[in-house]
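Scroll down for the structure; my scribbles are underneath it.
Predicted model only: the values in this text are computed from it and were never measured. In what follows, chains are A, B, ... by sequence order, proteins preceding strands, each numbered from 1.
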Amino acid sequence: MSQTASQPTTEPAEEGVPPHRYTPALAQRIELEWQDRWEREGTFHTPNPVGRLSAGFDRVADRPKTFLMDMFPYPSGAGLHVGHPLGYLGTDVTSRFRRMDGDNVLHPMGYDAFGLPAEQYAVQTGQHPRVTTEANIAAIRAQLRRLGVDHDERRTFATIDPGYYRWTQWIFLKIFGAWFDEEAGKARPVEELVAELDAGTREPAPGTDPSGRPWAELSDVDKRRVVDAHRLAYLHEAPVNWCPGLGTVLSNEEVTPDGRSERGNFPVFRRPLTQWMMRITAYAERLLADLDRLDWSDSVKQMQRNWIGRSTGARIRFAAGDRTIEVFTTRPDTLFGATYVVLAPEHPLVAELTADAWPDGTDPRWTAGAATPREAVEAYQRQASRRSELDRQNESREKTGVWLGTTAANPVTGGELPVFIADYVLTGYGTGAIMAVPGEDTRDWEFAHAFGLPVVRTVQPPAGFDGGAYTGSGPMINSSSEQVSLDGLTDKAAAIAAMTDWLVASGHGEATTTYKLRDWLFSRQRYWGEPFPVVYDADGLPRAVPESLLPVLLPDVDDYSPKTFADDDATSTPEPPLSRVTEWTTVELDLGDGPRPYRRETNTMPNWAGSCWYYLRYLDPGDDTQMVDPELERYWLGPRTPGDVGGVDLYVGGMEHAVLHLLYARFWHKVLHDLGYVSSEEPFRRLVNQGYISAYAYTDERGFYVPAAEVVEEGGRFSFEGRPVNREYGKIGKSLKNMVTPDEMIGAYGADTFRVYEMSTGPLEQSRPWDTKAVVGSQRLLQRIWRVVVDEGTGAVRVADEAPGEDGLRALHKAIAGVRDGMATLRFNVGIARIAELTNALTAAYGADTPVPRSVAEPLVLLVAPLAPHLAEELWARLGHEESVAWAPFPVADERWLVEDTVQVAVQVNGKVRAQVTVPADADAAALEAAARDEEKVAAQLAGKTVRRVVAVPGRLVNFVVS
RNA sequence: GCGGGAGUGGUGUAACGGCAGCCACGCCAGACUUAGGAUCUGGUGCCCUCGGGCGUGCGGGUUCGAGUCCCGCCUCCCGCACCA
């Protein structure tokens with residue numbers, strides 16, 4: 001680690017170095033030349049089958065298509081470090097391989113440019129976010145170009161381009177204009193809902209009309225309210241995650257488990273506000289079920305499953321006076337053991353259920369010291385709402401709550417159960433109310449213990465059980481009434497089924513399924529985001545801006561900074577920056593009933609909106625007539641076989657998006673599918689999460705970081721300027737003083753060496769440490785490959801049209817097979833090892849003065865072309881080819897040369913290798929055994945022993961089992 | 001606590017159930033050199049009495065044969081976590 005990144009680069013050939021050696025200076029010259037030529041000739045322009053970008057499709061019409069892409073970067077001001085390109089290079093190598101191997105390859109790149117960090121960076125620097133963002137995009141684009149990636153530049157765009165976000169807004173309108181038909185299990189346009197309501201063939205969905213009057217009797221405005229309540233994008237007043245420090249609300253996914261903002265780490269509070277929501281919960285079942293049809297890693301699928309959080313159980317209704325409390329439980333079998341009921345503090349029935357006075361003799365633990373239930377409840381509710389999630393965690397989960405002063409009837413026992421509110425019951429999950437079964441639930445047991453509530457066991461714990469809640473299985477006890485008995489049942493599923501049957505028969509409940517997934521909070525109080533294509537009319541109801549008026553342009557303003565508050569000011573109210581732009585917020589429109597004044601929506605969309613559908617726009621980002629041409633969508637993303645989900649063939653990106661981006665994008669895609677805009681059911685058929693590159697960082701005795709590049713190691717100890725330092729392992733960053741950039745590496749070695757090094761350090765999915773010192777190994781490999789083709793002294797091509805020897809052919813075809821395997825499995829390190837083997841074999845077989853057979857040298861160049869494309873282009877041209885190597889066919893291994901004439905096989909005695917024998921490759925078991933017995937050492941080992949068994953595997957080994 | 005993944009030389013890694021460590025970095029030796037932080041060649045898992053022995057986190061099992069398959073632990077990484 002003592003080596004610094006920068007090394008002499010552009011000096012003239014040093015003394016003693018052959019003039020035509022593949023030095024960093026030569027590599028850089030070659031790379032710049034080829035990058036210019038690729039751009040000039042449009043080498044990586046991918047033809048579409050139809051439309052604007054279809055020129056040249058004839059050439060690829062008979063090829064299969066491959067669409068592969070990276071998660072597009074967020075152009076922050078920090079620039080790229082050596083960790084960032086790993087995934088981009090992985091797709092680039094794959095893209096180049098697939099093209100050479102005969103596919104029509106689409107490999108585009110774009111920029112995700114709206115969002116908080118860009119806005120914050122702009123606020124810091126005092127420049128408009130568009131200016132800083134576009135500068136950052138230009139910088140990253142230049143870095144990527146210098147790496148030699150084969151993106152089709154014509155398809156590049158940023159999510160902030162009005163020509164792009166116009167269609168983001170268009171999709172929003174489609175979602176706003178749709179509702180989820182539960183019977184059909186899919187989204188449909190709201191016009192169809194209205195038609196069915198008008199025709200009387202459909203009733204409004206439960207909960208969409210609080211008045212409960214028949215549809216035909218509703219006023220126009222009330223009808224619109226009912227329809228709005230059905231929409232997939234809807235306004236909703238509910239407790240949301242309000243982050244005063246950022247001045248915006250956040251989605252559940254953007255809040256960390258300890259109740260802070262993922263961006264900025266500010267406290268987040270639950271606060272009721274009216275916000276735009278996306279009804280992703282309607283798709284919970286399909287989002288869950290279709291995971292099984294995707295070629296994604298188990299870990300990402302499992303994370304999505306956990307996030308969706310499907311639970312099956314039962315709804316059970318408890319009578320409480322003239323009200324009904326509905327609870328959700330996964331254990332209806334334990335209903336006989338329910339000894340109290342708990343509502344979430346925010347539950348809508350709390351106020352109505354709260355009694356006027358405590359009965360005489362109320363346990364003081366139940367009242368929290370308040371004079372009346374109402375006082376106790378209101379105090380508890382206030383306390384719960386003011387507490388951030390973080391505070392809740394800090395209290396080590398001690399159970400708190402208060403009694404409402406009322407009871408509810410256990411439907412199966414008739415017993416009167418006290419009703420509490422407690423913050424261990426969460427609003428928004430299930431019904432926001434539970435039946436508490438302390439005998440079989442740990443949390444309920446803790447609460448019962450703290451409040452002196454009775455415990456009734458309904459599952460017999462095993463002998464020796466040490467008390468507390470018993471959550472295991474066992475025979476049912478104490479579970480018998482005149483109407484139903486579960487006693488003696490030992491199978492949990494059977495007990496659940498029996499109780500559920502009784503609940504249904506008696507009308508007290510039914511089986512149901514709930515999800516942890518909540519609807520997606522879709523509005524932000526930010527400037528730097530897509531404006532909503534929505535205006536409000538005189539009734540205060542939202543109206544869609546007509547498609548013909550899209551895009552709704554983000555107005556240019558002087559003051560785009562968000563209104564933020566003290567971190568802990570939980571009662572502050574969001575103020576979107578756009579609400580200050582008064583000349584923009586009011587607008588006169590004709591929405592079919594004459595020109596009228598409207599008020600614009602001043603929230604903006606969250607960062608995730610632009611990334612939800614960008615893969616579709618790559619197909620033709622310049623199309624200003626439609627989001628995507630359906631024919632292009634079918635060609636690039638459509639199902640390959642009936643039942644196939646379709647989607648991008650390879651999507652590479654970081655694990656950090658396992659839930660957020662990937663779940664939102666799947667949701668939007670399914671809506672677009674339901675509405676008929678895309679034929680594919682999923683956006684990303686195959687997902688690969690590339691590993692991270694980490695690095696060592698070093699701190700001195702004061703705890704300050706010291707430049708990692710200048711730390712020296714001796715005997716396992718590390719020092720900087722002669723003083724010992726501590727080593728830690730983790731992220732790469734400027735502040736950690738261990739930053740190494742691709743530009744530095746390209747300056748020291750050239751892009752090809754950097755590419756080969758990054759690809760050689762392990763399978764794409766694996767995380768790995770950065771080691772600047774090891775990069776030189778890749779440089780040496782490329783130098784040796786260069787030397788196979790070019791005479792370092794004269795610069796002449798040193799290949800000859802002569803037949804290679806059999807050894808050479810075997811080495812070549814073994815390498816071809818290995819490289820193909822590595823490419824297919826994204827284990828480029830294996831492919832590079834095989835290329836190195838072949839190169840070493842050729843170097844050994846052909847001295848500096850011996851020409852290398854063209855029929856071996858050329859395939860070697862083709863093998864390395866996806867990895868080191870500039871070097872390969874240069875050698876390919878010097879070998880006399882005029883067309884780019886990018887379109888040359890990738891070598892195919894010939895089976896004949898993958899088998900040897902003779903093979904060395906190991907001879908084992910009792911599983912231990914004792915000798916090697918050389919036999920013809922096609923020697924059968926008998927011949928193998930005979931050869932083995934003839935071998936001197938084997939004969940000695942077998943002498944005087946009984947051979948009980950011989951296992952002879954042709955081509956592999958012989959094993960004598962002796963005693 | 002629950003879920004997912006991983007443990008192989010000094011380091012990154014490789015190995016259809018069949019010779020553990022391919023290919024590299026580093027290190028050692030040599031060549032060419034005024035010089036080497038360049039380049040090239042060779043060596044390099046550990047132990048050894050030079051016969052060999054031991055080795056893929058630990059302990060069992062299946063098998064003629066296990067880094068690989070099965071069971072039970074340990075450690076590390078990632079995610080979730082009062083979700084009824």
Side-chain angles (χ1 to χ4, degrees), chain A residues 2-4 7-8 14-18 21 23 257 297-303 305-307 309 311 313 327-331 334 342 392-393 397-399 422-426 428-437 440-444 446-447 514-517 655-656 658-659 689 713 716 757 760-763 765-781 783-784 787 792 818 827 829-837 839-840 843-844 848 904-916 948-953 955-962:
Chain A
S2 62
Q3 197 165 352
T4 57
Q7 294 202 350
E14 292 172 65
E15 209 172 327
V17 175
R21 169 162 291 172
T23 59
S297 72
D298 286 340
S299 56
V300 172
K301 287 189 192 181
Q302 200 54 44
M303 282 167 71
R305 284 189 196 107
N306 291 343
W307 190 264
S311 297
V327 307
F328 171 72
T329 178
T330 56
R331 293 291 304 275
T334 62
V342 189
R392 284 199 191 186
Q393 303 253 330
R397 293 176 182 178
E398 216 164 88
K399 295 289 180 288
D423 65 6
Y424 85 92
V425 174
L426 309 174
Y429 180 76
T431 61
I434 63 159
M435 64 178 204
V437 186
E440 279 86 35
D441 183 280
T442 310
R443 297 150 303 186
D444 296 344
E446 287 167 3
F447 189 89
T514 67
Y515 302 88
K516 278 199 274 185
L517 184 69
M655 195 66 181
E656 68 271 21
V659 174
N689 300 110
E713 187 207 335
Y757 174 69
S760 72
T761 48
E765 289 166 274
Q766 192 162 306
S767 291
R768 63 206 71 181
W770 176 259
D771 183 5
T772 297
K773 219 158 78 171
V775 179
V776 68
S778 300
Q779 165 80 2
R780 289 183 191 139
L781 172 61
Q783 269 179 1
R784 294 202 298 275
R787 214 157 31 227
E792 287 189 334
R827 286 148 68 240
N829 54 323
V830 181
I832 291 167
R834 296 293 83 79
I835 289 172
E837 272 183 330
T839 306
N840 294 347
T843 303
Q904 274 215 331
V905 301
V907 183
Q908 298 180 333
V909 177
N910 282 348
K912 291 204 159 81
V913 178
R914 296 297 178 182
Q916 303 279 334
R948 290 169 39 220
R949 183 172 171 188
V950 181
V951 181
V953 184
R956 294 274 172 205
L957 53 46
V958 186
N959 187 12
F960 292 96
V961 185
V962 303

Does [N] have a Watson-Crick or wobble partner in any strand here, with both distances under 3.5 angstrom, and which is it?
N	value
B:rA24	B:rU11
B:rC46	B:rG53
B:rC58	B:rG72
B:rG1	B:rC80
B:rU39	B:rA31

field: A:Gln302 vs A:Val775, nearer the 5' end of RNA chain B by closest nucleotide
entry: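 Of the two residues, A:Gln302 wins.
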query: Between A:Glu837 and A:Asp444, who's closer to the 5' end of RNA chain B by nearest nucleotide?
result: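 Its nearest nucleotide being more 5', the pick is A:Glu837.
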- prompt: Could one point to a donor on the side chain of A:Arg956 or the base of B:rC19 with an acceptor on the other under 3.5 Å away?
  reply: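 Counting by modelled atom types and ignoring angles, no donor-acceptor contact under 3.5 Å is found here.
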message: Suppose we call a contact any N or O donor and acceptor under 3.5 Å apart; does that hold for the side chain of A:Asn306 and the base of B:rC80?
response: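 Check fails, no donor-acceptor contact within cut-off.
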Options [options], nucleotide nearest the side-chain atoms of [X]:
X	options	answer
A:Arg768	B:rU13, B:rU39, B:rG18	B:rU13
A:Phe328	B:rA84, B:rU13, B:rC40	B:rA84
A:Asn829	B:rU13, B:rC19, B:rG26	B:rU13
A:Ala906	B:rC19, B:rG18, B:rG53	B:rC19
A:Ala833	B:rC82, B:rC23, B:rA84	B:rC23
A:Arg780	B:rC64, B:rU39, B:rC19	B:rU39
A:Lys773	B:rC19, B:rG26, B:rU41	B:rG26

Separation between the [atom1] atoms of [N] and [M], rounded to whole Å:
N	M	atom1	answer
B:rU8	B:rC77	P	15 Å
B:rC46	B:rG36	P	28 Å
B:rG26	B:rG17	P	34 Å
B:rG10	B:rC28	C1'	14 Å
B:rG4	B:rG59	C1'	25 Å
B:rG55	B:rC74	P	24 Å
B:rG5	B:rG9	P	23 Å
B:rA29	B:rA20	P	31 Å

Which is true for [X] with a 4.0 Å heavy-atom rule: it touches a base, it touches only sugar-phosphate, or it touches nothing?
X	result
A:Gln916	base
A:Val953	base
A:Thr23	nothing
A:Ser760	nothing
A:Asn840	sugar-phosphate

field: A:Val907 and A:Phe960: CA distance, side-chain angles, deciding distance, side-chain contact (heavy atoms from CB on, under 4.5 Å) verdict
entry: CA-CA 8 Å; A:Val907 183; A:Phe960 292 96; 3.8 Å; yes
If only side-chain N and O atoms of [X] are considered, is one of them under 4.0 Å from the OP1 or OP2 phosphate oxygen of [N]?
X	N	result
A:Gln766	B:rA6	no
A:Ser311	B:rA84	yes
A:Arg787	B:rC40	yes
A:Asn959	B:rC19	no
A:Tyr429	B:rA84	yes
A:Arg827	B:rA15	yes

Between atom [atom1] in [X] and atom [atom2] in [N], what is the gap in whole Å?
X	N	atom1	atom2	answer
A:Met303	B:rC2	CE	C1'	14 Å
A:Arg948	B:rC64	CZ	P	9 Å
A:Ile832	B:rC22	CD1	C1'	14 Å
A:Arg21	B:rC32	CZ	P	16 Å
A:Glu765	B:rU13	CD	P	13 Å
A:Asp298	B:rG3	CG	P	14 Å
A:Arg834	B:rA15	CZ	P	8 Å
A:Lys399	B:rA84	NZ	P	14 Å

query: Ignoring hydrogens and geometry, is there a side-chain-to-backbone donor-acceptor pair from A:Asp441 to A:Ala436 under 3.5 Å?
result: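 Between the backbone of A:Ala436 and the side chain of A:Asp441 there is no qualifying donor-acceptor contact (under 3.5 Å).
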query: Donor-acceptor pair, A:Arg949 side chain versus A:Asn959 backbone, under 3.5 Å?
result: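 Between the backbone of A:Asn959 and the side chain of A:Arg949 there is no qualifying donor-acceptor contact (under 3.5 Å).
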Steps toward side-chain contact (heavy atoms from CB on, under 4.5 Å) verdict (A:Arg21, A:Arg787): CA-CA 8 Å; A:Arg21 169 162 291 172; A:Arg787 214 157 31 227; 3.9 Å; yes
query: Can B:rG21 be described as syn, meaning its chi torsion is within 90° of 0, or is it anti?
result: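 What B:rG21 shows is an anti base, its glycosidic angle lying more than 90° from 0.
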Chi-based syn or anti call at B:rG9, which uses purine or pyrimidine torsion atoms and a 90° bound: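 Chi for B:rG9 falls in the syn range.
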message: For a side-chain contact (heavy atoms from CB on, under 4.5 Å) check, start with the C-alpha distance between A:Asp771 and A:Tyr757, then their side-chain angles and the critical distance, and finish with the verdict.
response: CA-CA 10 Å; A:Asp771 183 5; A:Tyr757 174 69; 3.7 Å; yes
message: Quick one, A:Tyr424 and A:Asp444 - any side-chain contact, counting heavy atoms below 4.5 Å?
response: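 They are in side-chain contact.
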Criterion side-chain contact (heavy atoms from CB on, under 4.5 Å) on A:Trp307 and A:Lys516, from CA distance to verdict: CA-CA 7 Å; A:Trp307 190 264; A:Lys516 278 199 274 185; over 6 Å; no
task: Could you go through the side chain to side chain donor-acceptor pair (under 3.5 Å) check for A:Gln783 and A:Arg780 one step at a time?
output: CA-CA 5 Å; A:Gln783 269 179 1; A:Arg780 289 183 191 139; over 6 Å; no
task: Report yes or no: do A:Arg768 and A:Thr761 form a side-chain donor-acceptor pair below 3.5 Å?
output: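 Their side chains do contain a donor-acceptor pair, which is all the 3.5 Å distance test asks for.
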